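Residue numbers run from 1 in the order of the sequence given. Please read all numbers here as calculations on a predicted model, not as lab measurements.
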Amino acid sequence: MIRFAFLSILFSFASIAAAEYEGTGNNSGNGLQAPRVETSFEPVNAPIKSESALQTWISANKAQLGMSDASNIKMLQTTIENNGYSIYRIQQQVNDIDVFAHQSVLIFSQGQPISAHLSSTELPAKDPVNKAELELAVKQGLANLDVKYQDPLQIQPVYWKAAKELIPAAVVKGKLTKNDLDYFYTLVISSSGQLLSAIPNRLDFDYGLIDVDEMCQKVGYSLPTSAVDLLIMADSGYIQTYPPAESQSTSSTTKERKLASMLDDANAYLRSQFNHTGIDRNNNVTVLAFVGNKFFEESLSCAGNNTTNAFWTELSDTLGLMHIHAPLLQNPEVIMHELTHGIVAYGAGLIYQQQSGALNEAIGDAFGVGFVSWKNKRVNAPAPSDWKLKLGNQVIRDFSYPTRVQNMPDHYSDRYTGSEDYGGVHINSSIINHGFYLLAEGGSHRRLGGKKVPKIGMKKALQIWQYGATKILTQTSDFEDARYAFARSAEIIFGKYAVERTAVHMAFDAIGVKGQWTKNVPPPKPDPVPDPEPDPKVDPIPDPDPIPDPVPDPVPDPKLDPKADPVPEPKLDPKTETTSDVDKDILLVAVGVLLLFLVILIFVVKRARPGKPENPAYAPYNVTPSPSSENNQPEKALKPKLVAEGNFGYFATDEQFYALSNKDLTDKGITIGRSSSANITLAHPSVSSYHLRLFLHDKHLYVEDLGSSYGTFVDGEKIKKHQATRLNIGEKIVLSDLVCHITKSKKPVSQHNDIAQETEPTLSLISTKGSFQIGSKEASTKDVTIGRNTTCDVVISHDSISGRHGSFHFKNGQWHYQDTGSSYGSFVKKAERLVQIDKGTQLLLEDGLILYLADLKVEVSMDKPQSKVTL
């Protein structure tokens, strides 16, 4: 429901619709400086997960953020994404006073700082002036400009960035006129009365509709009418005569219904394409849309001419005006363009001049052409005509060939640098428009050629533009800052290594916007493990004594057995049978008898085979000690002895413990594999259907690989297939690339108290991938390797770690680490900075040292071990 308390809002204007441009004309000058992009942040020990933690982090990093110690910040916007990214928009203050146009955006991933778009200053600040002095200075400044005002004036104290210091100033809002015309600017006036900046603000989703033509007719008004006059008419007694419509159902004229339908479609477009539910992030902005046939001084009027145009005016934090000339109801792209000014205004707040203003226009253009494609149901495959922005029937922008429309520039080197058009906000928007076109459609710059930009489609390109405009761009962003903001948006939406991020940078390269970038290359992944071929579904423990098929009684031979009935001679039917047919039958019978004889012979030989054990389940395999055992001689296969009931222990993965029954281990053993028919089922892609079997033999536990596709490893050594190997409690078993252990209780391996204690010094490595221990005895005789490969002594499954990343060594009572040629390097944290370890260099380790293997953080501890188990 719209509330029409507009008279109290009339005195908070900060808008467009002035005929002259009095801005500073340079975003890179004092006061309005484009943000700088910072990416070299140190990782934090405690991830940033709240605004209070962010405040603490900012206080500790003011120097890197470009802020003085006297600075403080206030939060403006917080965005937390499901994929671990968090974005914070902040306002820099000094003495609790805003520094004008000094908003920054900080971006974190998994709580770690990764980049910032910084509009900040370290300049010292002069002492603030009191309210009375500031008000006198503002009134003097307005008089100098010949700008008249009506009380009450709204004056917000700010600091303005001058050449060498921050000076006290004020942002001035209110009902201002110049030469008897409405003067719609945001004015910044210094405490000495000097005009520092006059900034036009164009900036929509709840709406009310007013048919100006009908309203003027009903109230009998035919004079030239300003925007303020229209508001007064709508908010005064005339409201009883002409209530604004709030939807299509309450519209009383054709123009209202058409505009209402367009705005409803625009709302559906924003929701479906961007999950955007309104003009601003708080969804509390009301749009009052005026539609009519006549303009006066760039405002719809009760009198005037028929100049065709459309305008957006931001009146306050909760009210925006949109003026639509009635003929433009045939141009949905224009309606969406003006609404997008509202989206940008309450998001990044791009200042409407120079490059930030051109970005504001370009984002509106992109949303406009996207809206047309969406309405035509071809947003994923726009037609050539969709890339042209029209005003009535006139093409005013061409995304594909900008130079075809009034020779507008399509490359940064050809940008307009004069003072007209608020510093070229419409003219230079065509450069960004062509970059958007290349991003969506792919290919080379249409006029200049060059490298081909990957095609990502209009829908994805629009998502990137919308995210950047509402989350990452700042008030003073220029084209260079936009390339980084849009590239980061692509990364957040589509992933760090996505082609969409690369395409953004290549599109900006194509239109000549400077910037340095490299393609994000994913860290090396483990050697690809193909999906294992399903093992034949057979009984993993076949019966060695199959019962042969019953042998039929032989046909009695009458020559040998006189009592036998004589076998009749075959009688041939001359019509159907021949002698050769009979011969075939006899031959088949003979072959069958021969095969049966061979089966019986094999069965008899097998039964007579020497050395056959009474329990044949383990007979085909040799039983050998564990690779770590001192006795490497094969152990003679013996008949297993029965053991007591209960559990031997547990077979443990990172997520589950499986009880090992003594009875099952002694009987046929316990099979482990991916098949649901295995005794223990492991839903892991590289584990075979029947991967291994555990069994007890002579009170010892053994493991047998059942012919798995990718092997079984015991303490780093691959065991032979169908060769039983003894296991010790705590030893690591790796099924392909799945790390498992044999434990005595349901505790982490490092906590088992039933393992023999060791007094040797132990190195502990603590990471998010688990805790690992290395014994000094082992490390003093060889280099203990660490990496992703299952043949390493310490196996860590992490994408950025190399197959064999580095090694540890214990010598003269000291621990050392060296990088053995990893792809992404090893680093040590010293004095809050990461220092790369040269490959092959022995690094002396200290207790509590932070080691980084690529991007995996590892804490080094030299406490005494709890067990001799090494992971």
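- With no hydrogens or angles considered, a side-chain donor-acceptor pair links Ser71 and Ser68 at under 3.5 Å.
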Worked check of side-chain contact (heavy atoms from CB on, under 4.5 Å) between Leu765 and Leu851: CA-CA 9 Å; Leu765 307 175; Leu851 187 65; 5.6 Å; no
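- Taking each heavy atom of Tyr269 and Gly370 in turn, the nearest pair found is OH-C, 3.4 Å.
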For a side-chain contact (heavy atoms from CB on, under 4.5 Å) check, start with the C-alpha distance between Ser104 and Thr474, then their side-chain angles and the critical distance, and finish with the verdict. CA-CA 7 Å; Ser104 298; Thr474 72; 5.8 Å; no
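- Contacts of Lys375 classified as salt bridge (charged side-chain N to carboxylate O under 4.0 Å, His left out), with partners at least two apart in sequence or in another chain: Asp265.
- When only modelled atom types and interatomic distance are considered, Tyr85 and Glu491 share a side-chain donor-acceptor pair under 3.5 Å.
- Judged by distance alone, with hydrogens and angles left aside, the side-chain atoms of Gln355 form a donor-acceptor pair with the main-chain N or O of Phe479 at under 3.5 Å.
- Ile796 has its side chain within reach of Leu856: a pair of non-hydrogen atoms, C-beta onward, lies under 4.5 Å apart.
- Other residues, nucleotides and ligands contribute over 12 non-hydrogen atoms within 6.0 Å of the NZ atom of Lys839.
- Judged by distance alone, the side chain of Ser709 and the main-chain N or O of Ser688 form no donor-acceptor pair under 3.5 Å.
- Smallest separation of non-hydrogen atoms from Phe399 and His434: O-ND1, 2.9 Å.
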Assess the residue pair Glu480 and Tyr412 against the criterion (side-chain hydrogen bond (donor to acceptor under 3.5 Å, both in side chains)); give the C-alpha distance rounded to whole Å, side-chain angles, the decisive distance to 0.1 Å, and a yes or no. CA-CA 10 Å; Glu480 182 179 355; Tyr412 188 74; over 6 Å; no
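- Taking OG of Ser50 as the reference point, atom CD1 of Ile48 lies at 7.5 Å (rounded to 0.5 Å).
- Tested against Asp509, the residues Lys452, Arg483, Lys451 include a single salt bridge (charged side-chain N to carboxylate O under 4.0 Å, His left out) partner, Arg483.
- Separation of the Phe367 and Trp374 ring centroids does not fall under the 6.0 Å cut-off.
- Ion pairing between Glu38 and Arg36 holds under the 4.0 Å rule for side-chain N and carboxylate O.
- Counting only distance, with no hydrogens or angles, the side chain of Ser373 and the backbone of Val369 share a donor-acceptor pair below 3.5 Å.
- Looking at heavy atoms from C-beta onward, Val37 lies in side-chain contact with Asp481 at the 4.5 angstrom threshold.
- Here Met336 contributes atom CE and Leu389 contributes atom CG; the two are 12.5 Å apart, rounded to the nearest 0.5 Å.
- Glu361 and Arg397 are joined by a salt bridge, as a carboxylate oxygen and a charged side-chain nitrogen come within less than 4.0 angstrom of each other.
- Side-chain atoms of Ser826 and Tyr817 form a donor-acceptor pair, as typed in the model, at a separation below 3.5 Å.
- Remark: Glu500 engages Lys460 in a salt bridge, criterion side-chain N to carboxylate O under 4.0 Å.
- From Trp387, atom CH2 reaches atom OG of Ser400 across 8.5 Å, with rounding to the nearest 0.5 Å.
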Residues Gln33, Ser119; criterion side-chain hydrogen bond (donor to acceptor under 3.5 Å, both in side chains); working and verdict: CA-CA 7 Å; Gln33 186 172 353; Ser119 296; over 6 Å; no
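- Of the charged side-chain nitrogens involved, none lies within less than 4.0 Å of a carboxylate oxygen, so that Arg446 and Asp410 do not count as a salt-bridged pair.
- Annotation: side chain of Val44 is in contact with side chain of Pro113 (closest heavy-atom distance under 4.5 Å).
- Side-chain contact check for Asp819 and Ser822: at least one donor-acceptor pair (N or O, by modelled atom type) lies under 3.5 Å.
- When every heavy atom of Val453 is checked against every heavy atom of Leu439, the shortest pair comes out as CG1-CA, 4.3 Å.
- When every heavy atom of Gln92 is checked against every heavy atom of Thr121, the shortest pair comes out as NE2-O, 2.9 Å.
- Between Phe108 and Trp57, the ring center distance clears the sub-6.0 Å criterion.
- Ring-plane geometry between His341 and His337 is classed as perpendicular, the angle between the planes exceeding 60 degrees on a 0 to 90 degree scale with a lower cut at 30.
- Tyr484 contributes a side-chain N or O that, together with a main-chain N or O of Gln516, makes up a donor-acceptor pair within less than 3.5 Å.
- Atom-to-atom distance recorded for Ile87:CD1 and Thr79:OG1 is 5.0 Å, nearest 0.5 angstrom.
- For the atom pair Ile73 CD1 and Asp98 CG, the distance stands at 11.5 Å (nearest 0.5 Å).
- A donor and an acceptor atom, one from each side chain of Glu81 and Tyr467, are located under 3.5 Å apart.
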Could you go through Gln463 and Phe494, starting from their C-alpha distance and side-chain angles, then the distance that decides it, and tell me whether this counts as side-chain contact (heavy atoms from CB on, under 4.5 Å)? CA-CA 10 Å; Gln463 290 174 326; Phe494 301 109; 3.4 Å; yes
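- Ile850 is not listed as a side-chain neighbour of Phe827, based on a closest heavy-atom distance of 4.5 Å or more.
- The side-chain heavy atoms of Phe371 and Val379, taken from C-beta on, include no pair separated by under 4.5 Å.
- Counting only heavy atoms from C-beta outward, the side chains of Lys471 and Gln77 approach each other to under 4.5 Å.
- Between Leu473 and Ala469, the shortest heavy-atom contact is CD1-CA, 4.0 Å.
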Between Ile107 and His117, is the side-chain contact (heavy atoms from CB on, under 4.5 Å) condition met? List the steps. CA-CA 8 Å; Ile107 304 175; His117 297 253; 4.2 Å; yes
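- Contact between Gly66 and Ser120 at its shortest, heavy atoms only, is O-OG, 3.5 Å.
- Applying the side-chain contact (heavy atoms from CB on, under 4.5 Å) test to Lys519 and every residue at least two apart in sequence or in another chain returns Thr502, Trp517.
- Using a distance-only test at 3.5 Å, with no hydrogens or angles considered, a donor-acceptor pair links the side chain of Gln110 to the main chain of Asn83.
- With no hydrogens or angles considered, a side-chain donor-acceptor pair links Ser115 and Arg488 at under 3.5 Å.
- Taking the side chain as every heavy atom from C-beta outward, Met75 and Arg89 never approach each other to under 4.5 Å.
- Using a 4.5 Å heavy-atom threshold, the side chains of Phe808 and Thr785 count as separate.
- The closest donor-acceptor contact from the side chain of Ser489 to the backbone of Ala485 lies under 3.5 Å.
- Ile58 CD1 to Leu106 CG: the interatomic distance, rounded to the nearest 0.5 Å, is 5.0 Å.
- A salt bridge links Arg378 to Asp386: one of the charged nitrogens lies within less than 4.0 Å of a carboxylate oxygen.
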